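The basis for the numbers below is simple: all heavy atoms, side chains too, and nothing from hydrogens, waters or symmetry mates. Fair warning: this is a prediction, and the values are worked out from it, not measured in the lab. Starting from 1, each residue takes its place in the sequence as its number.
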Amino acid sequence: MVYTIDMLMDLIHKGDKQYDYALISAAYQMADAAHAGQLRKSGDPYITHPVAVAYILVEMGMDTETICAALLHDVVEDTNIKLEQIQKQFGAGVALLVDGVTKINKLTLPTKEAEQTENVRKMLMAMSKDIRVIIIKLADRLHNMRTLKFRKPSKQLEISLETMEIYAPIAHRLGIRAVKEELEDISLFYLDPIAYHEIDDILDQHKGDRINYIEYIKMQIKARLADYHIEPYVEGRVKSHYGIYRKVYMAGRSFDEVFDIFAVRIIVNSVVECYNILGIIHDIFTPIPNRFKDYISMPKANMYQSLHTTVIAKEGVPFEVQIRTWDMHYTAEYGIAAHWKYKLGISGKDKLEERLAWIRKIIEEQQDDSANLISNIKNDIGAEEVFLLTPKGDVKTLPVGSTTVDFAYAIHSAVGNHMIGAKVDGRIVPIDTVVQTGQIVEIITSNTPGRGPSRDWLKFVKTSEARNKIRAWFKKERRDENIVEGKAELEREFKRNSIYLPEDQMQEFLLGIAKRQNYDVLDDFYAAIGYGGVSLSKIIPRIKDDYFKLIKRDADKIPELTTTQSFGKTDSGVIVENIENCLVKFAQCCNPLPGDSIIGFITRGHGVSVHKRDCVNVIASMKDPSQIDRWINVHWAQTDQTNYRAVLNLLSIARQGIVADVTVLLANMKVPVYEISAKELKNGNTEIIMTISVGGTAQLNTIIQRLQKIEGMISVERTGK
């Protein structure tokens, strides 16, 4: 749909909310003039986008300033309009909103990951000043997702993944259900189209029967409630595509095991009526054990409140019933936007501040864990929740999968730091026990001087709050231990990536890395690695690039050995100086292939070992006068042999089927695979290491180019390169 100003003004006039029509009209005129001649990817005039964003915000019930800012949200970034002009004509409020959205959009950094992290940080900062900034940004992203079909496939995947990981969780945390579900469904359409269409087909197959059955259930409920002189509003709803996807594809259930594919929602006027109706529902239908949730007495972190119960009708069909008041319904549908749409809680500013406290909490936590900001948002904001009780009856909300250690740190830093054990429902349990909704959790502490958390806790805690508080303790209390641990971790990572240098050169190399991370002293750098302030998984790609550049520079300095005699050919496909039929082996440290510049090393009793000339071991050995005479010239011979082994390191986004796509591609190219393994990294990506058979560098480069085109592939590297 292409939105016009007439459609926007018509929607505004139809509602009962008061708007400043003249100011909105003036904002449109400025935006229309500023964007004149600009087109969207769809070919539509660019002005249709800000109008569409404003239209979505009017549907959400946002105020005049927000609508004006939506119309103007791209003019400072994309046109000659200055922020001062907006402030002068529309006021400081509109200017603040436009500035907030502009600062999020205009960032450009060297890597996509760094850019994304900084965008999210700026978004959180803007939200802390005025929550309307992110509501505009969500509406902006929603319209961009609706028109995503006009972007190229690679951008569709990139934008959909970002939406699923960042924007949908934020919409969920703000309680804006309709926006959250539409963002998730559109993202799923591009990220896993096969699963999306399967769900679509299943829902379409029985759509008529389902609608009729929902109407039948609604009639039964209304008839019984009429006997009690209760006249509620009753409606049916079908679970979103992504909601079904999570339970069927991600949780491994069959479609028939998802009991809440459709639900009946009952809306009444008071909390007392909610609980009364719950009893009546359980009298009409048979409740399924352990399928009742009371979100009224224990609201979700996004302030969602409702009673949920799953029941079975006489026909044997299970379905969910949701019971709530009208105020709860407005909050469930519009979340924080209900503050403007229905003036919920508007009489108390403190209530709104309380609902937004989580934003400031994230900002404080990310100062010590900025590298993991995106994953923290996915874990803490996007996750489903469990509701736990302290022995005194206080309710604590944590993401699903949280442990007793997460619970301890949710109470207070001191409780977590002095924790020595835990009880769940009165029984002592291991501290890595995953807690469940409704459990009473008691933390056992000790005041013994010097006690503190264990590094092992970082391996199983779920929340970023717990992780950051543990790291903060180690940063403050265990510097010497951090240095030792950080140095050992760096050495392990260097060994895994075959990064070797002479001692003096290594110190200079490490100091350069440390200074890039803003540490002038190596011990400070080691300590940061030790307590988790520096994530090696984030910086190792840059380290490897610098290392290979250094090795290549040193390799260029190695002179060709003087050839004084003839060359002899071996069965290996390599010609060795003045030696006939000698044993030749290929060094595993660099895995040379036909096409590489090579050199040979005379081993004691094992013939000649062939290395790439830029191999780190060659460079180090050439600096040793006692070893230099053992190096010998070798060259590739013209041979039909194709059985050379090459090791590739692949990095991709974590998605189902990525390994299968790799193996199918290689099979289609008739490339033998000797070995393949895959593992998930801490940053959520997938690393695949495989050994293949190739005829030389030309074929290998073709394979690498083909692998890089696989959906979700980030990089493909030859090890030892």
Side-chain angles (χ1 to χ4, degrees), residues 111-113 116 153-154 157-158 160-162 164-165 190-195 249-250 252 371-372 374-375 378 459 489 492-499 535-545 547-548 586-593 596 612 642-721:
T111 67
K112 181 64 181 176
E113 187 173 23
Q116 189 181 64
S154 60
L157 289 173
E158 179 185 313
S160 295
L161 185 62
E162 182 182 60
M164 189 73 84
E165 292 184 339
Y190 291 103
L191 293 173
D192 196 341
I194 295 176
Y249 292 86
M250 296 174 68
N372 294 308
I374 304 298
S375 60
K378 289 190 286 184
K459 298 176 182 177
E489 186 178 345
R492 285 193 297 271
E493 194 68 22
F494 274 23
K495 185 176 181 181
R496 191 177 74 84
N497 287 278
S498 301
I499 297 176
S535 171
L536 284 180
S537 63
K538 300 285 186 182
I539 66 173
I540 198 67
R542 173 68 184 275
I543 292 175
K544 288 168 67 177
D545 286 344
Y547 173 71
F548 292 137
F586 296 102
Q588 294 184 0
C589 54
C590 54
N591 298 304
L593 292 173
D596 290 327
K612 292 168 59 180
T642 58
N643 189 24
Y644 296 98
R645 296 195 177 202
V647 182
L648 295 180
N649 188 306
L650 288 66
L651 185 65
S652 75
I653 62 172
R655 71 168 177 83
Q656 191 173 8
I658 184 69
V659 176
D661 288 350
V662 169
T663 54
V664 168
L665 184 147
L666 294 175
N668 290 337
M669 295 182 72
K670 295 181 171 52
V671 175
V673 179
Y674 295 113
E675 187 179 357
I676 186 167
S677 64
K679 68 176 181 180
E680 185 174 348
L681 303 177
K682 291 180 180 180
N683 61 6
N685 292 329
T686 296
E687 181 184 52
I688 303 170
I689 298 176
M690 62 183 184
T691 305
I692 61 175
S693 176
V694 295
T697 55
Q699 183 189 6
L700 182 63
N701 290 336
T702 300
I703 294 170
I704 290 174
Q705 289 172 6
R706 294 281 298 276
L707 287 170
Q708 287 173 333
K709 294 179 181 178
I710 291 178
E711 174 190 332
M713 192 63 67
I714 298 172
S715 66
V716 181
E717 294 181 353
R718 174 185 170 192
T719 60
K721 188 174 179 180

*Of all residues at least two apart in sequence or in a different chain, which pass the side chain to side chain contact (heavy atoms under 4.5 Å, CB included) check with I710?*
R655, I658, D661, V662, L665, L707, M713
*asked:* Any heavy-atom pair between the side chains of M669 and R706 that's under 4.5 Å?
replied: yes
*Is there side-chain contact between L666 and I692, with heavy atoms separated by less than 4.5 Å?*
yes
*From D192 CG over to S160 OG, what is the distance, rounded to the nearest 0.5 angstrom?*
11.5 Å
_CD-CG distance between E680 and N685, expressed to the nearest 0.5 angstrom_ = 8.5 Å
*Given side chains that start at C-beta, do those of L191 and L157 come closer than 4.5 Å, heavy atoms only?*
yes
*May I ask you to establish whether R645 and F586 are in a cation-pi arrangement, using a distance under 6.0 Å from NZ or CZ to the six-membered ring centre and at most 45° from the ring axis?*
no
*Looking only at heavy atoms, what is the nearest atom pair of I688 and A678, with distance?*
CG1-CB, 4.0 Å
_Quick one, T686 with L651, criterion side chain to side chain contact (heavy atoms under 4.5 Å, CB included). Give me CA distance, side-chain angles, the key distance, then yes/no._
CA-CA 6 Å; T686 296; L651 185 65; over 6 Å; no
*Contacts of type salt bridge (Lys or Arg N to Asp or Glu O under 4.0 Å), residue D596, not counting sequence neighbours*: R718
_Side chains of L650 and E687, heavy atoms from C-beta outward: is any pair under 4.5 Å?_
no
*Student check: side-chain heavy atoms of L648 and E717 closer than 4.5 Å*: no
*asked:* How close do P592 and A587 get, counting heavy atoms only, and between which atoms?
replied: CD-O, 3.6 Å
*May I ask you to test the T663-V673 pair for a side-chain heavy-atom distance under 4.5 Å?*
no
*Steps toward side chain to side chain contact (heavy atoms under 4.5 Å, CB included) verdict (V671, Q699)*: CA-CA 10 Å; V671 175; Q699 183 189 6; 4.1 Å; yes
*L593 and A646: which non-hydrogen atoms are nearest, and at how many Å?*
CD1-CB, 3.9 Å
*Name all residues meeting the side chain to side chain contact (heavy atoms under 4.5 Å, CB included) criterion together with K459; count only those two or more places apart in sequence or in a different chain, and write none if there are none.*
D456
